[in-house]
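One structure below.
Numbers restart at 1 for each chain; the letters A, B, ... are given by sequence-line order, proteins then strands.
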Amino acid sequence: MKEAYFPQEIEKKWQKTWEETGAFKTPENSEKPKYYALSMFPYPSGKLHMGHVRNYTITDVIARYKRAQGFNVLHPIGWDSFGLPAENAAMKHNADPEKWTDENISYMKGQLKRLGLSYDWDREVATCKEDYYKWTQWLFLQLYKKGLAYKKEAAVNWCDNCATVLANEQVIDGKCWRCDSVVEKKYLSQWFLKITDYAEVLLEDLDKLPGWGDNVKTMQANWIGKSQGAIFNFEVIDAPSGEKLTVPVYTTRPDTVYGITYLVVAPEYKDIEKLTTEENKQAVEDYRANARKMTEIERLSTDRVKTGVPLGTHCRNPFNGEVFPLWTADYALVEYGTGAVMAVPTHDTRDFDFAKKYNLPMKIVISKDGNIENNLAEAYTEEGILVNSGEFNGMKNTEAKKAIIQKAVDEGFGEFKTQYRLRDWLVSRQRYWGAPIPVVYCEKCGIQPVPEDQLPVKLPTDVDFSVVGKSPILTSPTFQDTVCPVCGGPAKRETDTMDTFMCSSWYYLRYADARNNEKCFDKDKVNKWLPVDQYVGGIEHAILHLLYSRFFTKALRDCSLLDFDEPFKNLLTQGMVLKDGSKMSKSKGNTVDPDEIFENYGADTARLFILSDSPPARDFDWSDAGVEGCYKFLNRVWRLMSTNSDKIDLNNTVMNVGKLTKVNDDLVRIVHMAIKSITNDISNDFQFNTVISKYRELVNAIYDWTSKTQWTDEDKTVFSFAIKSLLILMAPVAVHLTEEAWSQLGGKGSVHEQEWCKWDENLAKMSSITLVVQINGKVKDKIEADESSSQEELKSIALSSEKIKELISGKEIIKTIVVPKKLVNIVIK
RNA sequence: GCCCUGGUGGCGGAAUCGGUAGACGCGUCGGACUUAAAAUCCGGUUGGAGUUAAAUCCAGUGCCAGUUCAAGUCUGGCCCAGGGCACCA
């Protein structure tokens, strides 16, 4: 075996060999059980960053481990390649976004290969290619036919910098998720997907996902935002027009309905003009104009002082006949509930603040102990007993909720209502580099879907990317004009493209049948491979991509395209890669270029290091010293084999267990213990950091052993067994080093085709134990004892210790606890 | 305000069921090899007291209580940090 470890040389060599032999292609017909390991596919931004390296290494190690365990593993990769950066780059240089994207893909693909990832490249997909977006369009049409895609005029989020609308999920703290610009509200006609139809099942089915972290599940649950309550309809008694109007409100506190002292509608409330008297008209108009001018951020700030103006009209409370005034105030939100709120200042902190400011009356209807307190200092929002509430007096408020809604139902002015915070998904974008929405507008026939045999609707190439503030697609002289598929008359194409999250909501399905030109995927193949057994990616997609994909899966199931209802069985959200305590970013100048690491240390070092210091879910702090340490360790492993290579025969590792020398017996036990604990650590949430510390322990133990050996035939066999096990255990991580060593040491086939090591429970423990002796729970002595000693024997061993004898002499032993194979605790007084 | 996650040496982090706290590594200190350096190897490294050196003792897993022969681990109450949601009625 060669003396020195040259990673650059051996890595290139094996990458070429694996590619030539098709080592990681997925056999479609296999007797083995399937396993689908998936990383979230990258956006081809130009170069890999360390977050990618971490993500893909984790998934790759899982895929390789599962292969060794006898699974038929699907481990694909692709490109989330539509999106704004390509278009921005194109606009800057008046170039083609496709070219920019292709170049990036080609470079990053090279990097993925240099990292030694075991992808089946035959299944590679790129969402910007016609053979993919054809099917994104086709799926859009299936949703359209199901009534799940629709167009409507609505107040939408507009990012002026990106010159496009955004989905709710893409607005973070009132700013654009991509460029951080403040988002405005605009009234526009846009395409939506009815994700709200699935709100309940998206929430409920979170319980079917024990393999997801609670953090992600609660984030989704919060986002869906289910609440249960009632709608009450309040009759307006003095509408200026004389019309008979009612104002419906949504409340989760029907138990406080006797305490209503006013009612608030949002400034954008649709009937607000009909509810305003002539005298109040000007003030209300001014207030609404002012609300329009405010940004979302100002508007939604919770610590702003509440403001509002009265409309001049009144409603009657059907429960008690009381009359109360209507106001408009911007703390009522037009998009939530009915856009109107019944105000109970005594039992709601917001209403309390508002009532205090405008001197509105307050009426206590819930009391902690039945007594009514005057001069509340703050709203009482706890549980209690109803007072001032007519027939419901004396009831516990939790019980009164249902009874009060029931009364409203019986008397015809209310109903039970479940409300969700989730809004429909806005999917149209006023940008070029995306999948065109496949519909046309005919003057006669209205909106018409493009017939399926005319797909894909191709992106036009005769466009001018130098335009500012509008989609380049509008500059195409040929794209828009078309004919109506129904009447054959002139029609215009839709110029909006789809949100890229549409493309990424089904890519994991396409991998099951990536080269299918007839269908988006074969149903049997998708049913066979899916759901994804292990999905790995960043926490930033906790809501966006993961919620959309869950919705897509359920919607496609309802279109009979597949037979399962959750796409990702297990989810690992890996932590961020930090440097000097903060996230790696170009602006901070603390990035580390993966290429440099590959060049200086090799991919195996990069893989080993990125897994070594932190558990996958936690943030990982990059340190140059840590990389250096991993490189040294790999050299140490190499040296262990190269300096003793004449003693190793990988094909002769069968020993006469039970008749070995003590030193050899101990090493065999250590190897079995390592196999056991490494296997357990991988099975248990992929704790690769402890796996790697166990590699080190094993290597240290083997080195230790070499200093004691005489190199008898038995010694050589034991050593060969230890090295063979080490290579197989390390193969998923140090993929090139182990393959090269395996080959140089005469191993048969590839190390990556070897079956995972098995351990013998009887050998996975030392023959002697360290007995811990405690007195009153404090460790006082440690004694070597035979592994098989009985409890009585352990007790007498403990009591015969000189140290212990001294400590207990003259004291009374109250009791003695013996934990088998571990410890004896003597309680004395 | 509500929800989730976490808090262990100088640092990253270990520690199946409650049973030796600090595995493994980084850093650092000392030693070996070397003309020297690199590389490599060996040893120390929670804090405090103690000793020529040891032995040994005390304290210690965010804080305060509790359960237990025994608590990083279980229970109750807090504090802090990170993340999510939020005038959602």
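Side-chain atoms of A:Lys815 lie closest to B:rC69 of the nucleotides B:rC24, B:rA89, B:rC69. Checking B:rC24, B:rG19, B:rG84 against every side-chain atom of A:Arg696, the shortest atom distance belongs to B:rC24. Listed candidates were B:rA70, B:rC4, B:rA89. Nearest to the side chain of A:Asn215 is B:rC4. For A:Val827, whose side chain is taken as the heavy atoms from C-beta onward, the closest listed nucleotide among B:rC69, B:rC24, B:rG19 is B:rC69. Here B:rU20 is the nucleotide among B:rG19, B:rA89, B:rU20 with the atom lying nearest to any side-chain atom of A:Lys782. For A:Glu697, the listed nucleotide lying nearest its side chain is B:rC24; candidates were B:rA15, B:rG19, B:rC24. Here the side chain of A:Thr770 is nearest to one of B:rU20, B:rA14, B:rG19, namely B:rU20. Here the nucleotide nearest the side chain of A:Tyr331, chosen from B:rA89, B:rC87, B:rG19, is B:rC87. Nearest to the side chain of A:Ala625, among B:rC4, B:rC24, B:rG27, sits B:rG27. Closest approach to the A:Arg618 side chain among B:rA86, B:rA89, B:rG13 is made by B:rG13 (side chain taken as heavy atoms from C-beta onward).
The glycosidic torsion of B:rG27 lies more than 90° away from 0, which places this base in the anti conformation. Classified by its glycosidic torsion, B:rC69 falls in the anti category, the angle being over 90° from 0.
Ion pairing of A:Lys175 with A:Asp173 is absent here, as no side-chain N (NZ or NE/NH1/NH2) approaches a carboxylate O to less than 4.0 Å. The pair A:Glu268-A:Arg292 does not meet the salt-bridge criterion, since no charged nitrogen lies less than 4.0 angstrom from a carboxylate oxygen.
For B:rG72 and B:rG1, the P atoms lie 32 Å apart once the distance is rounded to whole Å. Look at the C1' atom in both B:rA37 and B:rC33: the space between them is 12 Å, to the nearest Å. Across B:rG48 and B:rC42, the matching P atoms stand 28 Å from one another, rounded to whole Å. Look at the C1' atom in both B:rG25 and B:rG9: the space between them is 14 Å, to the nearest Å. Comparing the same atom, P, in B:rA21 and in B:rC58 gives a spacing of 13 Å after rounding to whole Å. Rounded to whole Å, the separation between the P atoms of B:rA55 and B:rU46 comes to 13 Å. With both ends at atom P, the span from B:rU61 to B:rG22 equals 14 Å, rounded to whole Å. The gap from the P atom of B:rG10 to that of B:rU45 amounts to 15 Å, rounded to the nearest Å.
Base pairing of B:rC41: its partner is B:rG31, meeting the Watson-Crick or G-U wobble criterion (both donor-acceptor distances under 3.5 Å). For B:rU61, there is no paired base (Watson-Crick or G-U wobble, both distances below 3.5 Å). Using the Watson-Crick or G-U wobble rule with both distances under 3.5 Å, B:rA36 pairs with nothing in any strand shown. If you check B:rG1 for Watson-Crick or wobble pairing at under 3.5 angstrom, you find it paired to B:rC85. Pair assignment for B:rC74 gives B:rG66, based on Watson-Crick or G-U wobble hydrogen-bonding distances that are each under 3.5 Å. In a base pair of the Watson-Crick type (N1 to N3 plus N6-O4 or O6-N4) or a G-U wobble (N1-O2 and O6-N3), with each distance short of 3.5 Å, B:rU56 is matched with B:rA49. When both pairing distances are held under 3.5 Å, B:rG22 makes no Watson-Crick or G-U pair with any nucleotide shown.
Protein atom CD of A:Glu169 is 11 Å distant from nucleotide atom P of B:rC85, rounded to whole Å. As a whole-Å value, the separation of A:Glu628 CD from B:rU28 C1' is 17 Å. Nucleotide B:rG13 holds its C1' atom 12 Å from the CG atom of A:Asp621, rounded to whole Å. Atom pair A:Leu578:CG and B:rG12:P shows a separation of 11 Å (rounding to whole Å applied). In this structure, A:Glu806 atom CD and B:rC57 atom P are separated by 10 Å, rounded to whole Å. If you measure from atom NZ of A:Lys632 to atom P of B:rC26, you get 7 Å, rounded to the nearest angstrom. The distance between atom CE of A:Met766 and atom C1' of B:rA23, rounded to the nearest whole Å, is 16 Å. If you take CG of A:Asn689 and P of B:rG13, they are 9 Å apart, rounded to a whole angstrom.
With the nearest nucleotide of RNA chain B identified for both A:Asn222 and A:Phe620, A:Phe620 has the one nearer the 5' end. If A:Thr307 and A:Gly629 are placed on RNA chain B by their nearest nucleotide, the residue sitting closer to the 5' end is A:Gly629.
Residue contacts for A:Lys803: at a heavy-atom cut-off of 4.0 Å it reaches the sugar-phosphate backbone alone, with no base atom in range. Using a 4.0 Å heavy-atom cutoff across all strands shown, A:Gln419 reaches no nucleic acid atom at all. Residue A:Val772 is in base contact, counting any heavy-atom pair closer than 4.0 Å across all strands shown.
Under the 3.5 Å distance criterion, the side-chain polar atoms of A:Arg669 are left unmatched by any main-chain donor or acceptor of A:Ala764. Side chain of A:Lys217 to backbone of A:Leu209: a donor-acceptor contact under 3.5 angstrom is found.
Of the residues in residues 607-616 of chain A, those placing a heavy atom less than 4.0 Å from an atom of RNA chain B are A:Asp613, A:Ser614, A:Pro615, in numerical order.
Within the structure, a side-chain polar atom (N or O) of A:Arg639 is placed less than 4.0 Å from OP1 or OP2 of B:rC41. When the side-chain nitrogen and oxygen atoms of A:Asn700 are compared with OP1 and OP2 of B:rG25, one or more of them lie within a distance under 4.0 Å. Phosphate contact (OP1/OP2 of B:rC69, side-chain N/O of A:Lys778, threshold under 4.0 Å): absent. Considering only side-chain N and O atoms, A:Arg636 lies nowhere under 4.0 angstrom from the phosphate OP1 or OP2 of B:rC24. Within the structure, a side-chain polar atom (N or O) of A:Gln687 is placed less than 4.0 Å from OP1 or OP2 of B:rA15. Contact between the side-chain N/O atoms of A:Tyr250 and the OP1/OP2 oxygens of B:rA89 is not found at any separation under 4.0 Å.
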Passes ring-ring contact (aromatic ring centres under 6.0 Å, His included), A:Tyr262 versus A:Tyr358? Steps please. CA-CA 11 Å; A:Tyr262 64 103; A:Tyr358 292 103; 8.9 Å; no

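Ring centroid separation for the pair A:Phe413 and A:Phe232 does not come in under the 6.0 Å cut-off.
No side-chain heavy atom of A:Glu787 sits less than 4.5 Å from a side-chain heavy atom of A:Met766. With a 4.5 Å cut-off on side-chain heavy atoms, A:Val247 and A:Asn233 do not count as touching.
For B:rC87, the base has a donor-acceptor partner in the side chain of A:Lys306 [N/O atoms by modelled type, under 3.5 angstrom].
Using modelled atom types, one finds a donor on one side chain and an acceptor on the other under 3.5 Å when comparing A:Glu784 with A:Ser768.
The minimum heavy-atom distance linking A:Ile195 with A:Trp425 is given by the pair CG2-N, 3.8 Å.
Cation-pi geometry between A:Arg636 and A:Tyr703 is met: under 6.0 angstrom from the ring centre, within 45 degrees of the axis. Cation-pi check for A:Arg696 over A:Phe633 is met; the charged atom lies under 6.0 angstrom from the ring centroid and within 45 degrees of its normal.
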